[in-house]
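Down below is the structure, laid out as structure tokens.
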Amino acid sequence: MDYILQYSIFILILSVLLGLSSFKLYQKMGYKGWEAFVPFYNYYIIQKEVGEPKWWVILAYLPIVGPIMMTVFHLFLMKKFGRTSALEQILTALLPFIYLAYSSYFQLNKVDRFAVDDPKAKKESFLGSITFAVVFATIIHAFVTQPFAIPTGSMERTLLVGDFLFVNKWSYGYRMPMRPVALPFLQGTIMDTQKDGNPKNDPKSYVDAIKLPYFRIGEFKKPKKNDIVVFNYPGDSVHTAIDRKDPYVKRCVAVGGDVVEMRAGNLYINGQPEVQMADAEVQRSYTIYTRSEIDIDYLWKNLAYLPITDEGETKEGLHYYQFQGLTKDLLAQIKAIPEFVKAEEVLGEKGKGAISYYPVLDENGQYVNDGTGHALMSKKVDISQSIFPINKPWNQDWYGPLTIPKKGDVITITQENLPEYKKLITEFEGNILEFKGGKFYINGAQTDKYTVKQDYYFMMGDNRDASLDARFFGFVPETHIVGSPMFTWLSLQGTFDEGPKKVRWERMFKATNTGEKEKTSYWWVAAAILILFFGWEFFVKLFKGKNKEEE
């Protein structure tokens, strides 16, 4: 309800601005000046006067889409009064209420001149215009489904680097936009300026000052274990707006109340080995030793594209390579090549925590060398690259046990578990947590108890040794859940990696979140869309021709 109330206030403010700026314009069109202040009706009048469909008014009050449609209506209003030059249209779009007011109160001589439109131009179909295309695409992008690309190998072999997906935003209920004024199709920033190396200073694609609370509609189900989920990265320090944080895709391995544990690289949930879906394969990182250099291109062409790093040569003259994401079958095939000597699985040391630190930079922003050819590290912990929570002796292969919080859980806060729950209490649930005089205070009240307000999830990549997942950034709150991938509409190898470039036709228009090894194909959907898109005009003409013949 807070969302609806705050958004209603936002609409009322816009309506007041429109009324104040165009009061006299409405009077000159033969209406009462106060009618310019009435939400919906004020834009309805504009549509009525210019002869455009009146149902478009509804679009003006949708988040994200609204500002685009309001601009269209303002341009219609200015066109009604003859202000149609390029400069006038630019001023109307960029300074809407200011320029409307200027035209209304200070340019009365020109406002009085009603435009005489060419009948053909007035009847021009909005459906075929660029504006409608942008609006329609924005509606689909913001409210139905969003395209998503896989740039890393964390979900291999389920989702491959270079897969392009459509994400269903209604899978777990639709999360309403929290920044309603934003440029369409952009996630967080407009561009990477690379000006000072700080992404926080890049121009944002949204207006951060206009913010709305979390609100989800149609939440008929929640993420469950083994679902592939798209969510906003909780560790994003650049964007404070939840829905503008970087989108990630991982598998939900545990929900609230579950206990997660990694033993020697193997995942256990509630003390039991994970139940693996048919479309997921156990993968490991290995150091492969060979007698001589191997032909990496040959492996890519004859086995599969694999992330391979040439680590150099040992004192004994053996070449060694770092392989990520090897399944049992792929490892067996590599062992069969003539150059192979031995394979060693890469595992972290049990009881040794994985903590990363920021490097030391000089005044020019360059790394400071420690004298051995490596960057000198500072004492400042890099949370994003360190195992969560940072006070545990855990690493990627030996992790937990860690209990996932759920709504209604009562947490007893201690100094020991503070790194585990601090972000949950403060950032995710909006409280002020302090430690003074040996006691904890939440929102000014002394207490060491806290009741969790929402459900949390633990997300991991199928390629466990090459995945920046919840082992690093911790719990994923329900506020960060976006949806689930529906199908792969395009798959290009070599787009985000250095492997041989090719189109993976066999993956296109295949379902992505069924858990089945053999995915359902949606080629027929693609064909239907293409036929409808390119053949629409033909079918319309054909239908009209038949009607004329019957007459």
Side-chain angles (χ1 to χ4, degrees), residues 150-163 249-251 253 262-267 273-274 276-350 352 354 356 374 385 387 395-399 460-469 471-472 491-502 504 506-507 517:
I150 305 295
T152 68
S154 67
M155 285 296 293
E156 302 264 351
R157 310 253 145 215
T158 310
L159 302 176
L160 304 184
V161 176
D163 280 353
V249 57
K250 307 288 181 188
R251 192 179 294 276
V253 299
M262 293 288 292
R263 305 175 193 168
N266 297 299
L267 176 63
E274 67 170 317
Q276 201 144 33
M277 304 301 285
D279 62 344
E281 295 183 78
V282 175
Q283 298 160 79
R284 297 281 187 266
S285 288
Y286 287 89
T287 301
I288 303 295
Y289 295 85
T290 61
R291 297 182 182 86
S292 58
E293 291 187 56
I294 58 176
D295 187 344
I296 295 176
D297 287 333
Y298 173 83
L299 292 182
W300 284 346
K301 291 176 182 178
N302 292 277
L303 297 183
Y305 172 70
L306 299 165
I308 305 171
T309 305
D310 188 343
E311 299 288 352
E313 195 173 343
T314 67
K315 293 180 181 179
E316 294 78 19
L318 295 177
H319 294 266
Y320 64 107
Y321 302 83
Q322 183 78 34
F323 281 73
Q324 285 185 347
L326 287 185
T327 64
K328 289 182 178 180
D329 289 341
L330 285 172
L331 179 60
Q333 293 179 66
I334 290 171
K335 287 181 177 180
I337 65 175
E339 300 90 347
F340 177 81
V341 175
K342 64 177 179 177
E344 292 179 352
E345 185 177 350
V346 179
L347 279 176
E349 182 182 340
K350 186 177 182 180
K352 184 177 181 180
S356 295
H374 299 90
Q385 299 297 322
I387 290 293
N395 54 57
Q396 284 177 275
D397 300 307
W398 299 94
Y399 188 90
M460 290 181 66
D462 287 351
N463 190 2
R464 301 284 157 73
D465 292 332
S467 176
L468 179 64
D469 52 36
R471 289 170 293 179
F472 293 88
S491 186
L492 299 175
Q493 183 174 286
T495 304
F496 302 108
D497 51 51
E498 59 181 356
K501 292 179 169 45
K502 69 173 184 179
R504 294 182 288 235
E506 72 281 0
R507 295 186 63 80
K517 191 171 184 64

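Here the structure is a predicted model, which means the values were calculated and not measured. Below, all heavy atoms of this structure are taken into account, side chains as well, without hydrogens, waters or symmetry copies. Residue indices begin at 1 and follow the sequence shown.
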Open item on the list: Is there a side chain to side chain contact (heavy atoms under 4.5 Å, CB included) between Gln396 and Ile387? Walk through the geometry before answering.
Closed with: CA-CA 7 Å; Gln396 284 177 275; Ile387 290 293; 4.2 Å; yes
[Y] backbone acceptor or donor facing [X] side chain under 3.5 Å:
X: Asn395; Y: Glu349; value: yes
X: Ser154; Y: Ser467; value: no
X: Thr309; Y: Glu311; value: no
X: Asp397; Y: Gly348; value: yes
X: Ser356; Y: Gln385; value: yes
X: Glu156; Y: Val161; value: yes

- [ ] Using a strict 4.0 Å threshold on nitrogen-to-oxygen distance, state whether Glu344 and Lys342 make a salt bridge.
- [x] yes
Open item on the list: Could you check whether Arg251 pairs with Asp462 (Lys NZ or Arg NE/NH1/NH2 to Asp/Glu carboxylate O, under 4.0 Å)?
Closed with: yes
Open item on the list: Less than 6.0 angstrom separating the ring centers of Tyr289 and Tyr320, yes or no?
Closed with: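 Yes - the distance between ring centres of Tyr289 and Tyr320 falls below the 6.0 Å cut-off.
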TODO: For the pair Arg464 and Val253, evaluate side chain to side chain contact (heavy atoms under 4.5 Å, CB included) and give the outcome as yes or no after the intermediate values.
DONE: CA-CA 12 Å; Arg464 301 284 157 73; Val253 299; 4.2 Å; yes
TODO: Fit a plane to each ring of His319 and Tyr321, take the angle between them on a 0 to 90° scale, and name the class: parallel (under 30°), tilted (30 to 60°) or perpendicular (over 60°).
DONE: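 Correct class here is parallel.
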Task: Asn463 side chain to Arg284 side chain, donor-acceptor N/O pair below 3.5 angstrom - done: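 No, no side-chain donor-acceptor pair sits under 3.5 Å.
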